[in-house]
Amino acid sequence: MRGVRLKGFFENFMNKEFLFSDKSVLQSNYDPENIQHRDQQIEQIANILGSVLLYQKPSNLFCYGKTGTGKTLTIKFVTNDLLSIAKEKNINLEVIYTNCKLKNTADTEYRVIAELIRSLGGEVPKTGLPTQEVYRIFTHIIDSKKQLVLLILDEIDQLVEKTGDEILYTLTRMNSELKNAQISLIGISNSLVFTDNLDPRVKSSLSEEEIIFPPYNALQLQDILNQRAKLAFKTGVVDSGVIEKCAAYAAREHGDARRALELLRVSGEIAERSEEKKLSIRNIDLAEEKIEKDRVLDIISSQPKQQQALLYSIMKINEESKDIKHRDDSLFTGDIYELYKRICTEIKLRPLTQRRISDIISELDMLGIVNGKVISKGRYGRTRKITLAIHDHTKIKAKEILEKNFGFSR
DNA sequence: GTCAATTCACATGAAAGAGACCACGGTCTAGTG
DNA sequence: CTAGACCGTGGTCTCTTTCATGTGAATTGACGA
């Protein structure tokens, strides 16, 4: 009985006219065959890394640029080419890519090195060994044969911010201990001012060469989107103006190509789900809303209990202050902390100290859930002015999630 | 009115603790020959 | 005799607490015009 119904459903699903011909083209892990508007960077990188082919250690390289400016893509592109050429010429080249932002994988000194060892085929326990020991294993593996190693550390700024620059110091010095192999570092950073608070010794050796990835402008984004859209969608389903609008949205957000592509993909998904024959401009607005909402709800529901409780009290107090006309919707740390403590006793949670709450608020700020600004109220002290940074319709849903989590019936 | 000192209510830093996870080596135990 | 169970030690890592120090401008109060 159920089978019959489902069959009908699937048939319906199959018969639906799909807008996409290949959705994966718009996904973030897709590697395009050629990279647009990055010729200059590609050439520079190729020049620097080219010395590999002469069996010489290339200079350490450093790439800056905001998110979605094609840093990772370009580096991977060049190193892949390099790898295949090196293979032809019988050069021992090893390229190791690590993203330092991956939680519980490569976000501490120990784990990064462990991860590097793992990608070289070694085996290291997740924890338990002294860090020095892990370094020893690493050098041992690297030095086991004559080879050149390119170490790509993506999102390196995150790593240094969390754990300090000792890794970089050790890695840059490692060459002097190696007898057979040579390693070069390729750092990729989102932050332009990253090197400023680096140990000067590390700084000079790490950024022997620097390459800057400027944000794409709206026109360049259009080119990129057009190229991908041609592959991703069936011909003629994309309304005129859609690409332009996507590009414009993304250009406003510091030229983030990843954003633009996501926007296009989600718009397509929305149009497809509502069984529209064409991808229209209206879908883009819907898509942007959806992306934002998903992001926020995702973050909120994946937060630990304490953070959620705090967030809940912020939302609660935000509502109350809206009812009272004479108070604008600005909240201060003290008020929030008081309410937070009350809520904690209500849901039988041990309240944290204000010191910690202060930190959590700035964490939420970083995540873009709240906006916090440190202000001085003169005689009445110095505090953080906090506003909720999420839309009302998202907020309602978010509150539901939190209340359900805490077992509130209301 | 002007100016420096005061003062508030936190922000921000540094250090250290708690507790979870884990590897390693040594010791104990039970099963085997 | 030996494999496996079971410690104790020492390591990493995250989340917190404790203690200490920093700070921007409204307020205050002294001062001079």
Side-chain angles (χ1 to χ4, degrees), chain A residues 98-118 122-141 155-156 158-171 193 196-199 299-314 317-318 321 327-328 330-345 347-367 369-387 405:
Chain A
T98 323
N99 188 330
C100 306
K101 212 169 86 178
L102 294 177
K103 273 252 163 188
N104 301 324
T105 316
D107 55 351
T108 68
E109 190 175 358
Y110 180 100
R111 301 220 259 242
V112 168
I113 305 300
E115 183 63 25
L116 295 178
I117 292 175
R118 229 163 281 144
E123 202 53 55
V124 182
K126 275 185 290 189
T127 167
L129 294 184
T131 310
Q132 280 310 313
E133 180 66 12
V134 189
Y135 271 119
R136 213 186 48 75
I137 298 173
F138 180 63
T139 35
H140 187 73
I141 291 182
E155 320 246 13
I156 197 171
Q158 305 273 334
L159 179 67
V160 171
E161 199 175 296
K162 267 190 75 176
T163 65
D165 49 16
E166 280 138 61
I167 306 188
L168 297 180
Y169 183 63
T170 321
L171 284 178
V193 292
D196 288 0
N197 37 26
L198 223 51
D199 187 312
I299 291 175
I300 288 178
S301 47
S302 63
Q303 286 298 303
K305 266 236 152 79
Q306 293 287 359
Q307 272 81 336
Q308 289 188 343
L310 180 67
L311 203 54
Y312 184 67
S313 41
I314 293 177
I317 210 168
N318 172 268
S321 70
R327 261 182 79 177
D328 59 354
S330 54
L331 321 168
F332 301 113
T333 308
D335 306 339
I336 292 174
Y337 186 61
E338 286 308 310
L339 181 61
Y340 159 78
K341 273 200 293 194
R342 281 219 322 271
I343 287 182
C344 272
T345 50
I347 60 176
K348 298 193 180 63
L349 201 63
R350 196 173 52 83
L352 303 176
T353 48
Q354 183 157 320
R355 176 69 187 84
R356 179 69 186 128
I357 293 301
S358 177
D359 277 352
I360 293 180
I361 291 177
S362 43
E363 279 166 28
L364 292 175
D365 187 8
M366 295 286 256
L367 289 169
I369 306 285
V370 302
N371 282 326
K373 197 179 171 199
V374 180
I375 58 159
S376 176
K377 292 192 290 176
R379 185 66 192 265
Y380 305 108
R382 203 168 125 85
T383 182
R384 201 187 253 121
K385 188 175 161 181
I386 296 142
T387 47
N405 257 356

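Below, chains carry the letters A, B, ... as their sequence lines are ordered, and counting in each starts from 1. If you're wondering where the values come from, they're calculated on a predicted model, not measured in any experiment.
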Just N and O in the side chain of [X]: are any of them under 4.0 Å from OP1 or OP2 of [N]?
{"X": "Thr127(A)", "N": "dC21(B)", "answer": "no"}
{"X": "Arg350(A)", "N": "dA18(B)", "answer": "no"}
{"X": "Thr131(A)", "N": "dG11(C)", "answer": "no"}
{"X": "Arg379(A)", "N": "dT7(B)", "answer": "no"}
{"X": "Thr333(A)", "N": "dA11(B)", "answer": "yes"}
{"X": "Arg355(A)", "N": "dT17(C)", "answer": "no"}

Quickly work out the [X] [atom1] to [N] [atom2] distance and round it to whole Å.
{"X": "Glu166(A)", "N": "dT12(C)", "atom1": "CD", "atom2": "C1'", "value": "14 Å"}
{"X": "Arg382(A)", "N": "dA26(C)", "atom1": "CZ", "atom2": "C1'", "value": "14 Å"}
{"X": "Tyr380(A)", "N": "dT28(C)", "atom1": "OH", "atom2": "C1'", "value": "11 Å"}
{"X": "Leu349(A)", "N": "dC15(C)", "atom1": "CG", "atom2": "C1'", "value": "13 Å"}
{"X": "Glu338(A)", "N": "dA9(B)", "atom1": "CD", "atom2": "C1'", "value": "12 Å"}
{"X": "Ile361(A)", "N": "dT12(B)", "atom1": "CD1", "atom2": "P", "value": "11 Å"}
{"X": "Phe332(A)", "N": "dA26(C)", "atom1": "CZ", "atom2": "C1'", "value": "14 Å"}
{"X": "Lys126(A)", "N": "dT14(C)", "atom1": "NZ", "atom2": "P", "value": "13 Å"}

Nearest-nucleotide pick for [X], side chain only, options being [options]:
{"X": "Pro125(A)", "options": "dA23(B), dA26(C), dT16(C)", "answer": "dA23(B)"}
{"X": "Asp107(A)", "options": "dT14(C), dT12(B), dG11(C)", "answer": "dT14(C)"}
{"X": "Thr353(A)", "options": "dT18(C), dC22(B), dC10(B)", "answer": "dT18(C)"}
{"X": "Arg111(A)", "options": "dT17(C), dA11(B), dC13(C)", "answer": "dC13(C)"}
{"X": "Ser376(A)", "options": "dG24(C), dC13(C), dT12(B)", "answer": "dG24(C)"}

Begin with the C-alpha distance, continue with both residues' side-chain angles, and end with the deciding distance and a verdict on side chain to side chain donor-acceptor pair (under 3.5 Å) for Tyr340(A) and Gln354(A).
CA-CA 10 Å; Tyr340(A) 159 78; Gln354(A) 183 157 320; over 6 Å; no
Quick check for you: to the nearest 0.5 Å, what is the distance between Tyr135(A) atom OH and Leu129(A) atom CG?
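One finds 14.0 Å between OH of Tyr135(A) and CG of Leu129(A).
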If you compare all heavy atoms of Asp365(A) against all heavy atoms of Asn371(A), which two are closest, and at what distance to 0.1 Å?
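Distance-wise, the nearest heavy atoms are OD1-CA, 3.9 Å.
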Consider only side-chain N and O atoms of Tyr110(A) and Glu133(A), and report whether a donor and an acceptor are under 3.5 Å apart.
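Judged by distance alone, the side chains do not pair up.
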Check step by step if side chain to side chain contact (heavy atoms under 4.5 Å, CB included) holds for Ile113(A) and Thr170(A).
CA-CA 11 Å; Ile113(A) 305 300; Thr170(A) 321; over 6 Å; no
Between Lys377(A) and Ser362(A), which has a closest nucleotide on DNA chain B that is more 5'?
Lys377(A)
Touch class at under 4.0 angstrom, heavy-atom based, for Gln306(A) against every strand present:
sugar-phosphate
Before giving the answer on side chain to side chain contact (heavy atoms under 4.5 Å, CB included), spell out for Leu331(A) and Thr387(A) the whole-Å C-alpha distance, their side-chain angles and the decisive distance to 0.1 Å.
CA-CA 7 Å; Leu331(A) 321 168; Thr387(A) 47; over 6 Å; no
Is Arg356(A) side chain donor-acceptor paired with the dT16(C) base, going by distance under 3.5 Å alone?
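Side chain to base: no pair present.
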